[in-house]
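Nothing here was measured: the structure is a model prediction, and the numbers come from that model. The figures here come from the full heavy-atom set of this structure, side chains too, leaving out hydrogens, waters and symmetry mates. Position 1 is the first residue of the sequence; numbering continues from there.
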Amino acid sequence: MLTAGLMLASAVAAGWSTYLHWLPCRGSMLSGSIVYGYDYVGPDFSDLCLRRMDGDQGPWELALYVLAMALAGAAWLTLVLGMRGQPRTKAVAALPGLATLALAGTGP
C-alpha cells in the first residue's frame with residue numbers, strides 16, 4: 001500500500017508539473033501537418049509560451065518535477081525492501097531507486 005501511495009503521489013506531482021509547464025500556452029494551438037503546413041488556431045503564442053517550448057522552466061514546476069522523481073525513487077525502494085529474497089538480490093534491485101533519489105537530490 002505504501003508503494004502504491006508513493007507512486008500515486010509521484011504521478012500527481014509529475015502531472016501537476018506538466019500542467020504548470022504548459023499553462024502559458026493554453027488556447028494557442030497549431031493545426032495541420034508537416035507536409036501541408038500549419039495554421040494558427042486561437043491567439044498567437046505568448047513570449048512565455050515560446051520560452052516554455054524552448055525548455056525554460058518555472059520554479060514551481062521544477063520543484064514538483066524533482067519531488068515526483070524523489071517519490072518515484074522512494075516507491076521503488078519500498079517495493080524492493082518488501083520483496084523476499086537474498087540481500088544481494090535486494091541490493092542490486094535497489095540500485096535504480098538509489099540512482100533516482102541521487103538524481104533528485106542533485107536537482108536540476
Quiz prompt | Rounded distance (nearest 0.5 Å) linking atom CG of Leu98 with atom CG of Leu103 | solution = 11.0 Å
Practice problem: Return each pair, listed once, that meets disulfide bond (SG atoms under 2.5 Å apart) where at least one residue sits in residues 52-93; pairs must be two or more places apart or across chains. | Solution: none
Quiz prompt | Closest non-hydrogen atom pair, Ala68 against Ala14 | solution = CB-N, 3.6 Å
Self-check item: Trp22 atom CH2, neighbour heavy-atom count above 12 within 6.0 Å
Solution: yes
Practice problem: Please confirm whether the backbone N or O of Pro96 pairs with a side-chain atom of Thr100, one donor and one acceptor, at under 3.5 Å? | Solution: yes
Quiz item: Any sub-3.5 Å donor-acceptor pair from Arg51's side-chain atoms to Ser46's backbone N or O?
Solution: no
Quiz item: Under 4.5 Å between side-chain heavy atoms, hopping through other hydrophobics if needed: is there a path connecting Trp16 to Leu71?
Solution: yes
Quiz item: Which heavy atom in Ala94 sits nearest to a heavy atom in Leu77, and how many Å separate them?
Solution: O-CD2, 3.6 Å
Self-check item: Leu48 side, atom CG; Leu23 side, atom CG - distance, nearest 0.5 Å
Solution: 9.0 Å
Quiz item: Hey, any chance Leu2 and Leu79 share a hydrophobic cluster, counting ILVMFWY side chains that come within less than 4.5 Å of each other, even indirectly?
Solution: no
Quiz prompt | Shared hydrophobic cluster for Val92 and Val80 (ILVMFWY, side-chain gaps under 4.5 Å) | solution = no
Practice problem: Identify the two heavy atoms, one from Ala13 and one from Leu67, that lie closest to each other, and give their separation to 0.1 Å. | Solution: CB-CD2, 4.4 Å
Quiz item: Which residue pairs satisfy the side chain to side chain donor-acceptor pair (under 3.5 Å) criterion with at least one member in residues 73-83, sequence neighbours excluded?
Solution: Thr3-Thr78
Quiz item: If you round to the nearest 0.5 Å, how far is SG of Cys49 from CG of Asp56?
Solution: 11.5 Å
Exercise. Rounded to the nearest 0.5 Å, what's the gap from NE2 on His21 to CE on Met53? Could you check?
Key: 9.0 Å
Quiz item: To the nearest 0.5 Å, how far apart are CE in Met69 and CG in Leu64?
Solution: 14.0 Å
Exercise. Not counting sequence neighbours, list each pair that qualifies as a side chain to side chain donor-acceptor pair (under 3.5 Å) and has a residue in residues 84-97.
Key: none
